[in-house]
Every structure is written in C-alpha cells, then in structure tokens.
Amino acid sequence: MSGTVDDDGLTYSFSKQELFLLAKFLRKKQEELPEGLDDFCRALEDTVYKSLTLEEVKRFYS
C-alpha cells in the first residue's frame with residue numbers, strides 16, 4: 001500500500017485487486033454516492049473495463 005497527501009490531493013497506487021473491489025463496491029452503491037464522484041467512478045470503471053475481456057466484465061458485474 002502506498003499513498004501520499006499533499007496540496008494537490010491524494011496520490012495512491014491501487015493494486016489490480018483493490019481497483020476491482022472498489023469498482024464493484026461503487027457499482028453496488030451507485031445510488032448512494034454523493035454528487036461529485038461521477039468522474040472518479042467513470043474513470044475507475046473505464047480502467048477495469050480496459051483490463052478485462054467482455055466475458056470477464058459480465059461476470060465481474062453480475
């Protein structure tokens with residue numbers, strides 16, 4: 001786990017597993033997310049989608 005906080009915000013290196021778990025969690029809780037996290041969620045999902053085959057995406061989000 002690696003992260004730093006400075007005046008520009010948080011810098012953190014997510015593992016592949018952390019990205020997948022976070023994307024899945026945010027997808028399940030998308031109706032409860034506060035405004036302002038749309039871009040973050042979209043970027044996270046795009047990252048996950050690009051690393052999986054279509055079949056893996058279907059299984060991941062089912």
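Nothing here was measured: the structure is a model prediction, and the numbers come from that model.
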Using the rule that two of Ile, Leu, Val, Met, Phe, Trp, Tyr join whenever any of their side-chain heavy atoms come within less than 4.5 Å, decide whether [X] and [Y] are in one cluster.
X     : Y     : value
Leu21 : Leu10 : no
Leu44 : Tyr12 : yes
Leu37 : Leu22 : yes

For residues 30-41, which residue pairs pass the side-chain hydrogen bond (donor to acceptor under 3.5 Å, both in side chains) check, not counting sequence neighbours?
Asp39-Arg42
Atom of Val48, atom of Ala23 and distance for their closest heavy-atom approach:
CG2-CB, 3.7 Å
Taking only residues two or more places apart in sequence, or in another chain, which ones meet Lys58 in a side chain to side chain contact (heavy atoms under 4.5 Å, CB included)?
Leu54, Glu55
Partners of Thr47 by side chain to side chain contact (heavy atoms under 4.5 Å, CB included), sequence neighbours excluded?
Leu19
Tell me, please, which residues at least two apart from Phe40 pass ring-ring contact (aromatic ring centres under 6.0 Å, His included).
none
Test side chain to side chain contact (heavy atoms under 4.5 Å, CB included) on Phe20 and Lys16 and set out the steps.
CA-CA 6 Å; Phe20 290 173; Lys16 189 174 182 179; 3.3 Å; yes
So, using salt bridge (Lys or Arg N to Asp or Glu O under 4.0 Å) as the criterion, who are the partners of Glu56 when residues are at least two apart?
none
